[in-house]
**Q** 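Sharing a structure, written as structure tokens. Questions coming.
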Amino acid sequence: MAANREEDEPVAVSNQGAGDEQTLIALAQKGSSTAFEALYRLHVGKVYGLCLRMTGNASEAEDCAQEAFIQAWTRLELFRGDSAFATWLHRIAVNAVLGRMRKSRREHDRLQVVRDIAPPTATVGDSGGLQDLEQALDELPAGARHVFVLNAVYGYSHDETGEMLGIASGTSKAQLHRARRLLAQQLEGAET
């Protein structure tokens with residue numbers, strides 16, 4: 001009977017498409033790797049983008065995104081649907097980033113030195129504005145950068161941001177204010 005289930009599974013998942021996320025979640029919670037792969041494909045871009053903005057490094061972002069999806073697969077039975085699946089994934093990704101940063105402070109510092117030595121080059125048609133913003137964001141202190149990414153970029157409230165980062169809502173507000181002030185100073189300096 002299990003072999004029959006495996007044969008029917010790809011058909012059931014492929015008929016769902018991207019529109020029926022709840023069905024994909026239910027199938028994945030029952031052990032369907034095909035359903036989880038469909039969920040992965042729906043969310044990998046946004047999870048990677050979050051990790052990239054928080055780490056400021058493509059290689060670390062890939063590792064953190066991969067770790068987030070591994071954790072999501074192993075903890076999928078804990079997802080109750082109290083929040084959107086994307087929000088649940090974002091929280092896992094934030095924890096993966098923070099955990100990796102705690103474990104690899106020295107590695108992160110070495111990567112920063114390499115990045116300072118070889119700054120990214122502008123692409124054809126790039127006015128530099130977006131690159132300047134990304135570079136300024138990378139130069140923010142970690143706490144301010146994390147709050148800015150979660151609150152200003154992804155739109156999480158101060159309460160949600162504080163909960164994800166393990167800080168008070170007031171601290172989130174202060175860090176956002178600090179991030180905006182530092183970004184404004186850095187971008188003003190880049191224009192002159």
Side-chain angles (χ1 to χ4, degrees), residues 13 16-105 107-108 111 133-134 137-138 140-180 183:
V13 173
Q16 299 307 315
D20 198 357
E21 187 177 76
Q22 296 303 322
T23 301
L24 290 173
I25 293 167
L27 288 169
Q29 286 177 324
K30 292 177 183 174
S32 169
S33 59
T34 307
F36 188 76
E37 181 181 346
L39 289 168
Y40 169 84
R41 291 185 190 283
L42 283 172
H43 295 282
V44 67
K46 291 181 182 179
V47 169
Y48 171 76
L50 172 64
C51 293
L52 181 61
R53 286 183 177 96
M54 288 188 73
T55 64
N57 179 280
S59 177
E60 283 190 51
E62 288 172 8
D63 290 347
C64 290
Q66 181 179 17
E67 179 62 27
F69 279 102
I70 290 169
Q71 288 180 21
W73 174 248
T74 60
R75 297 178 182 173
L76 194 57
E77 72 278 355
L78 300 176
F79 178 71
R80 297 183 315 245
D82 295 338
S83 63
F85 187 71
T87 302
W88 184 74
L89 275 176
H90 277 193
R91 288 175 192 238
I92 291 173
V94 166
N95 288 335
V97 169
L98 295 176
R100 180 168 176 84
M101 292 179 91
R102 279 190 295 269
K103 290 177 185 175
S104 64
R105 289 272 185 227
E107 179 184 340
H108 183 69
L111 290 171
L133 179 59
E134 288 292 335
L137 190 58
D138 287 348
L140 286 176
R145 181 176 64 240
H146 295 163
V147 169
F148 184 84
V149 167
L150 291 172
N151 186 277
V153 177
Y154 285 93
Y156 288 106
S157 70
H158 287 292
D159 290 338
E160 293 169 324
T161 299
E163 185 179 323
M164 283 190 245
L165 297 175
I167 60 175
S169 177
T171 304
S172 174
K173 292 175 186 176
Q175 289 284 18
L176 180 63
H177 177 73
R178 178 181 183 206
R180 287 180 174 158
L183 282 172

**Q** Please assess L42 against L24 for the test side chain to side chain contact (heavy atoms under 4.5 Å, CB included), listing each intermediate value before the final yes or no.
**A** CA-CA 11 Å; L42 283 172; L24 290 173; 4.1 Å; yes
**Q** Find out whether L50 and L150 are in side-chain contact, i.e. whether some heavy atom of one side chain is under 4.5 Å from a heavy atom of the other.
**A**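 Sidechains of L150 and L50: in contact.
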**Q** Assess the side chains of Q71 and E67: does a donor N or O sit below 3.5 Å from an acceptor N or O?
**A**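 Checked: Q71/E67 side chains pair up, N/O donor to acceptor below 3.5 Å.
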**Q** Apply side chain to side chain contact (heavy atoms under 4.5 Å, CB included) to the pair K173 and H158, showing each step before the final yes or no.
**A** CA-CA 6 Å; K173 292 175 186 176; H158 287 292; 3.5 Å; yes
**Q** Please report the interatomic distance OG1(T171) to CG(L165), rounded to the nearest 0.5 Å.
**A**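 Separation between the atoms: 10.5 Å.
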**Q** Shortest non-hydrogen contact from S172 to V147?
**A**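 Heavy-atom minimum between the residues: O-CG1, 3.2 Å.
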**Q** H90 and ring-ring contact (aromatic ring centres under 6.0 Å, His included): which single residue from Y156, F85, Y48 fits?
**A**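 In the set Y156, F85, Y48, the residue that makes a ring-ring contact (aromatic ring centres under 6.0 Å, His included) with H90 is Y156.
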**Q** Between A35 and L27, what is the shortest heavy-atom contact and its length?
**A**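 Taking every non-hydrogen atom into account, CB-CB, 3.6 Å.
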**Q** Any side-chain heavy atom of L137 within less than 4.5 Å of one from V149?
**A**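 Yes, close enough: below the 4.5 Å cut-off.
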**Q** Atom CD1 in I25, atom CG in L76: separation rounded to 0.5 Å?
**A**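 Reported to 0.5 Å precision, the distance equals 7.5 Å.
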**Q** Between S157 and N151, which heavy-atom pair has the shortest distance, and what is it?
**A**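 Minimum heavy-atom contact is C-ND2, 3.8 Å.
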**Q** Could you give the distance from CH2 (W88) to CZ (R80), rounded to the nearest 0.5 Å?
**A**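 Rounded to the nearest 0.5 Å, the CH2-CZ separation comes to 11.0 Å.
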**Q** Report the distance from atom OG1 of T161 to atom CD1 of I167, rounding to the nearest 0.5 Å.
**A**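 Output value for this atom pair is 7.5 Å.
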**Q** We want to know whether H43 and E21 form a side-chain donor-acceptor pair, criterion being a heavy-atom distance below 3.5 angstrom.
**A**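 Yes - a donor-acceptor pair under 3.5 Å links their side chains.
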**Q** Nearest 0.5 Å please: distance from the CE atom of M54 over to the CZ atom of F148.
**A**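 These two atoms lie 13.0 Å from each other.
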**Q** Side-chain contact test, heavy atoms from C-beta onward, threshold under 4.5 Å: evaluate it for R91 versus M164 and give yes or no.
**A**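 They are in side-chain contact.
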**Q** How long is the span from the CZ atom in R53 to the CG atom in D138, to the nearest 0.5 Å?
**A**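 With rounding to 0.5 Å, CZ (R53) is 11.0 Å from CG (D138).
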**Q** Near Y40 OH, under 6.0 Å, is it more than 12 heavy atoms from other residues, nucleotides or ligands?
**A**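 No, the 6.0 Å shell around OH holds no more than 12 heavy atoms from other groups.
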**Q** Might you point out which heavy atoms bring C51 and A65 nearest each other, and give the distance in Å?
**A**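 Taking every non-hydrogen atom into account, SG-N, 3.7 Å.
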**Q** Under a 3.5 Å distance rule, please check whether R145 uses its side chain to pair with a backbone N or O of L140 as donor and acceptor.
**A**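 A pair under 3.5 Å: yes.
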**Q** Do M101 and H146 come within less than 4.5 Å of each other through their side chains, counting heavy atoms only?
**A**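 Heavy-atom side-chain distance check passes, below 4.5 Å.
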**Q** Quick check: closest heavy atoms across A93 and A68, and the distance to 0.1 Å?
**A**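 It is CA-CB, 3.7 Å.
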